[in-house]
Amino acid sequence: MEVAEGARGDNSSSHVLQSASLTLDTSLSLPDLTPPLIELCKDLFKKWSRLDDSSFSVETVSGGITNLLLKVSVKEEDGNEVPVTVRLYGPNTDYVINRERELQAIKYLSAAGFGAKLLGVFQNGMVQSFINARTLIPQDMREPKLAAEIAKQLHKFHRVDIPGSKEPQLWNDIFKFYENASTLHFDDIEKRKKYETILFKEVYNEVVEIKELTDLLNAPVVFAHNDLLSGNLMLNDDEEKLYIIDFEYGSYSYRGYDIGNHFNEYAGYDCDYSLYPSKDEQYHFFRHYLQPDKPHEVSDKDLEALYVESNTYMLVSHLFWALWALIQAKMSPIDFDYLGYFFLRYDEFKRRKEKACSLARSYLSGQESR
């Protein structure tokens, strides 16, 4: 709660943040979830505490595999309708998400114009201002005009200074995931059989090898989003305004990781990796990322460096989410084939590894000989 108080900053709404120790049951249907949700809003925001329950209406905005987003519209006494967004954390997501890190970052990202404003927190979620925009779908991201805008916004995002340690967290997170993922036990026989086919020593060696290679690239360290998929991008079509939202996985990390991870998300929810962006599509993105005001003045040397960096860290993204999936397979009650997702990501890593690594090695040997 202290972290949240700080995170609200001076730029949040005038609502007073009360202590909200409520926990909402994410397994409930929307009709059953609505009464406790109304109670939560009344508890958090005193100006709504006397309103009749009929003044509140609730609808689902989206449900991902780690979050449930709800829109609560409140008809105030003066007849004004105020919408807020309630984000419910998925059960057991604290195993893979550092909530304190997320809340600390929101304050500074919100001040820089990113995401929604934080209005309140409760045990397993937060209430934020409502963004009037549509969530992107995967094919939107490859549309040239939107790709350029995403690149410009990411350039700005990476320049936000979040106080505290600037140490990149990527490899700490991956090794922690590996440690947890490699010692799981499944009661379900089918899951156990699948899990036991994983060669963890091989996975570990892959992680170490890619870490050693990416270390040689000396990629710039930035405050990265780390989960820039279509579901975390919103667009107001009328105003042509793009929003980057949801900073659950945000941390100091490597520039190339954030971009390579974003490119992997072109594959969409069906994980069709044939949709991974071509070199031309990537260069279009890089130009607008590196020099948003003068994209056509970016040098070939800078384009090549970022191409190598992003396509090497693209491999790391597959390892990160593969290991993440194993922990979710054990911890998450959501009906999703997380074990299958591990193999999908790990197989794609192996399929792309040789080409990406040889590209990086030949680039590095070229750098040495200059």
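- The backbone N or O of Phe186 lies less than 3.5 Å from no partner atom in the side chain of Lys330, so there is not a single donor-acceptor pair.
- Not a single donor-acceptor pair under 3.5 Å links the side chain of His318 to the backbone N or O of Glu348.
- Checking side-chain atoms of Asn311 against main-chain N and O of Tyr307 turns up a donor-acceptor pair under 3.5 Å.
- Taken to the nearest 0.5 Å, the CG atom of Leu119 stands 9.0 Å off from the CG atom of Leu44.
- Aromatic pair His262/Phe285: ring centres closer than 6.0 Å.
- At least one side-chain heavy atom of Arg345 sits under 4.5 Å from a side-chain heavy atom of Asn264.
- Looking at Ser253, its side chain never comes within 3.5 Å of a backbone N or O of Leu170 through a donor-acceptor pair.
- No salt bridge links Glu304 with Lys301; every basic N to acidic carboxylate O contact stays at or beyond 4.0 Å.
- Every side-chain contact (heavy atoms from CB on, under 4.5 Å) that Glu297 has, sequence neighbours left out, goes to Gln291, Lys294.
- If you chain together ILVMFWY residues whose side-chain heavy atoms come under 4.5 Å of each other, Val222 ends up in a group of its own.
- Within 6.0 Å of NZ on Lys350 lie more than 12 heavy atoms contributed by other residues, nucleotides or ligands.
- Within the 4.5 Å cutoff, the side chain of Phe114 has heavy atoms near those of the Val160 side chain.
- Ile38 is linked by a side-chain contact (heavy atoms from CB on, under 4.5 Å) to Thr34, Lys42, Asp53, Phe56, counting only residues two or more places apart in sequence or in another chain.
- Side-chain N or O atoms of Asn232 include one that pairs as donor or acceptor with a backbone N or O of Asp227 at under 3.5 Å.
- Summarising the local packing, CG of Asp52 is surrounded by more than 12 heavy atoms from other residues, nucleotides or ligands at distances under 6.0 Å.
- Put simply, the side chain of Leu68 reaches to within 4.5 Å of the side chain of Leu33, judged on heavy atoms.
- Under the 4.5 Å side-chain criterion, counting only non-hydrogen atoms from C-beta, Leu136 is in contact with Leu242.
- If you take NZ on Lys152 and CG on Leu290, they are separated by 13.5 Å, rounding to the nearest 0.5 Å.
- In terms of heavy atoms, Leu229 sits closest to Met141 at C-SD, 4.1 Å.
- More than 12 heavy-atom neighbours from other residues, nucleotides or ligands sit within 6.0 angstrom of CD on Glu81.
- Partner of His158 under the ring-ring contact (aromatic ring centres under 6.0 Å, His included) criterion, out of Tyr257, Phe223, Tyr289: Tyr289 alone.
- Cation-pi geometry between Lys191 and Tyr338 is not met: the NZ or CZ atom fails to fall both under 6.0 Å from the ring centre and inside 45° of the normal.
- In plain terms, the two heavy atoms of Thr312 and Ala356 that are nearest each other are OG1-O, 4.3 Å.
- In this structure, CD1 on Ile150 lies 5.0 Å from CG on Leu233, to the nearest 0.5 angstrom.
- Residues Phe247 and Tyr108 keep their aromatic ring centres 6.0 Å or farther apart.
- What you find for Ala219 and Tyr254 is that their closest heavy atoms are O-CD2, 3.8 Å.
- When the side-chain contact (heavy atoms from CB on, under 4.5 Å) test is applied to Asp300, the partners found at least two apart in sequence or on another chain are Leu303.
- Under the side-chain contact (heavy atoms from CB on, under 4.5 Å) criterion, Asp280 pairs with Ser278, sequence neighbours left out.
- With a 4.5 Å cut-off on side-chain heavy atoms, Thr85 and Ile131 do not count as touching.
- Here the OG atom belonging to Ser317 is positioned 12.0 Å from the CZ atom belonging to Phe263, to the nearest 0.5 angstrom.
- A side-chain donor-acceptor contact under 3.5 Å links Tyr252 to the backbone of Ile162.
- Here the OG atom belonging to Ser182 is positioned 13.0 Å from the CG atom belonging to Leu199, to the nearest 0.5 angstrom.
- One N or O on the side chain of Asn124 and one on the backbone of Leu24 form a donor-acceptor pair closer than 3.5 Å.
- Using cut-offs of 30° and 60° for the angle between ring planes, the His225 and Phe157 rings count as tilted.
- Sorted by first and then second residue, the pairs that involve residues 123-136 and meet salt bridge (charged side-chain N to carboxylate O under 4.0 Å, His left out), not counting sequence neighbours, are Arg134-Asp140, Arg134-Asp237.
- Counted within 6.0 Å of CG on Asp335, heavy atoms from surrounding residues, nucleotides or ligands total 12 or fewer; the atom is thus considered open.
- Between Trp321 and the options Tyr346, Tyr249, Phe349, a ring-ring contact (aromatic ring centres under 6.0 Å, His included) holds for only Tyr249.
- When hydrophobic residues (I, L, V, M, F, W, Y) are linked wherever their side-chain heavy atoms come within less than 4.5 Å, Ile189 remains an isolated member.
- If you chain together ILVMFWY residues whose side-chain heavy atoms come under 4.5 Å of each other, Tyr273 ends up grouped with Leu344.
- Residue pairs meeting the salt bridge (charged side-chain N to carboxylate O under 4.0 Å, His left out) criterion with at least one partner in residues 306-326, sequence neighbours excluded, are Arg255-Glu309.
- In the model, Gln104 has no side-chain atom that pairs as donor or acceptor with a side-chain atom of Glu100 under 3.5 Å.
- In this structure, Lys355 and Ser358 approach most closely via the heavy-atom pair O-OG, 3.1 Å.
- Residue Phe320 holds its CZ atom at 8.0 Å from CG of Asn261, rounded to the nearest 0.5 Å.
- The side chain to side chain donor-acceptor pair (under 3.5 Å) pairs that include a residue from residues 206-221 are Glu206-Lys353, Glu209-Lys353, Glu209-Arg361, Lys211-Asp215, where partners are two or more places apart or lie in different chains.
- Applying the salt bridge (charged side-chain N to carboxylate O under 4.0 Å, His left out) rule to pairs touching residues 26-40 yields nothing, sequence neighbours excluded.
- A side-chain donor-acceptor contact under 3.5 Å links Gln282 to the backbone of Pro277.
- With hydrogens and angles left out, the side-chain atoms of Tyr283 and Arg287 include no donor and acceptor closer than 3.5 Å.
- For the pair Ser251 and Asn226, the minimum side-chain heavy-atom distance is below 4.5 Å.
- The backbone N or O of Leu69 sits nowhere less than 3.5 Å from a side-chain atom of Arg87 that would complete a donor-acceptor pair.
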Distance-only donor-acceptor pairs under 3.5 Å for side chains of residues 171-179, two or more places apart:
from	atom 1	to	atom 2	distance (Å)
Asn172	ND2	Gln169	OE1	3.4
Asp173	OD2	Arg101	NH2	3.3
Tyr178	OH	Phe200	O	3.0

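- Residue-environment remark: OH (Tyr269) exceeds the threshold of 12 foreign heavy atoms within 6.0 Å.
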